[in-house]
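The structure appears right after this line, and notes come after that.
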Amino acid sequence: QVQLEESGGGSVQIGDSLSLSCAFSGRTFDRYGMGWSRQYPGKEREFVASINWSGGTTYYGDSVKGRFTISRDNAKNTVYLQMNRLQPGDTATYYCAAAPWLILPSTVPGYWGQGTQVTVSS
């Protein structure tokens, strides 16, 4: 059973940076595509970014392109989301996701973490 545990959320100000981490356990990490999504209160989850098993292929949602970077360390079974130039619109609960395939904006991952809150204020 795959288990995902996010960390690194918090409260920051406009323009600040924040890095999220997601620790993967339960299966062989480098056989899984990984991703991040976020959810606003009362809304459906929104695709943020994904990365393939090797880290050689990445995808980003339009609203975060150029500001967020997804990466992974297969030796540490961890995926990261570096978030720069944060804006109030980035305020959401961020969820780590895993699937034994490449996660795309249109696909539903097989596994989710419990989420970590990011709040951006002026």
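Start at 1 with the first residue, then count along the sequence.
- A 4.5 Å side-chain heavy-atom check between Glu46 and Ser37 finds every atom pair outside the cut-off.
- Pro109 approaches Ala98 most closely through the heavy-atom pair CB-O, 3.7 Å.
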For Tyr94 and Met83, run side chain to side chain contact (heavy atoms under 4.5 Å, CB included): C-alpha distance rounded to whole Å, both residues' side-chain angles, the deciding distance at 0.1 Å, then the answer. CA-CA 11 Å; Tyr94 284 72; Met83 304 183 292; 3.9 Å; yes
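- Applying the side-chain hydrogen bond (donor to acceptor under 3.5 Å, both in side chains) test to Thr93 and every residue at least two apart in sequence or in another chain returns Gln117.
- Checking side-chain atoms of Thr91 against main-chain N and O of Gly89 turns up no donor-acceptor pair under 3.5 Å.
- Separation of atoms CE (Met34) and CG (Asn74) is listed at 10.0 Å; rounding is to 0.5 Å.
- Hydrophobic clustering (side-chain heavy atoms under 4.5 Å, transitive across Ile, Leu, Val, Met, Phe, Trp, Tyr) keeps Tyr95 apart from Phe47.
- Taking the ring centre of Trp53 as origin, the terminal cationic atom of Arg72 falls outside the region bounded by 6.0 Å and 45° from the ring axis.
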Give the table of side-chain donor-acceptor pairs shorter than 3.5 Å for residues 55-64, with sequence neighbours excluded, one pair per line with atom names and distance.
unit_1: Tyr60; atom_1: OH; unit_2: Ile70; atom_2: N; d: 2.9
unit_1: Asp62; atom_1: OD1; unit_2: Lys65; atom_2: NZ; d: 3.2
unit_1: Ser63; atom_1: OG; unit_2: Arg38; atom_2: NH2; d: 3.0

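- Two residues are said to be in side-chain contact when any heavy atoms from C-beta on lie closer than 4.5 Å; Leu86 and Phe68 meet this criterion.
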Give the intermediate values and the outcome of side chain to side chain contact (heavy atoms under 4.5 Å, CB included) for residues Glu5 and Gln114. CA-CA 7 Å; Glu5 183 172 358; Gln114 75 277 26; 4.0 Å; yes
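- A distance of 5.5 Å separates CG in Leu104 from OG in Ser106, rounded to the nearest 0.5 Å.
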Output a table of donor-acceptor pairs, distance under 3.5 Å, between side-chain atoms of residues 12-33 and any protein atom two or more places apart or on a different chain; print 'none' if there are none.
unit_1: Asp16; atom_1: OD2; unit_2: Gln13; atom_2: N; d: 3.1
unit_1: Ser17; atom_1: OG; unit_2: Asn84; atom_2: OD1; d: 2.9

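- For the pair Thr119 (side chain) and Ser11 (backbone), a donor-acceptor distance under 3.5 Å is absent.
- A chain of hydrophobic side-chain contacts below 4.5 Å, direct or via other Ile, Leu, Val, Met, Phe, Trp or Tyr residues, connects Trp36 to Val118.
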Decide yes or no on side chain to side chain contact (heavy atoms under 4.5 Å, CB included) for Leu4 and Trp112, but give the supporting numbers first. CA-CA 7 Å; Leu4 305 171; Trp112 294 102; 5.5 Å; no
Under the side chain to side chain contact (heavy atoms under 4.5 Å, CB included) rule, what do Leu81 and Val48 come out as? Steps first, then yes or no, please. CA-CA 9 Å; Leu81 184 68; Val48 173; 4.1 Å; yes
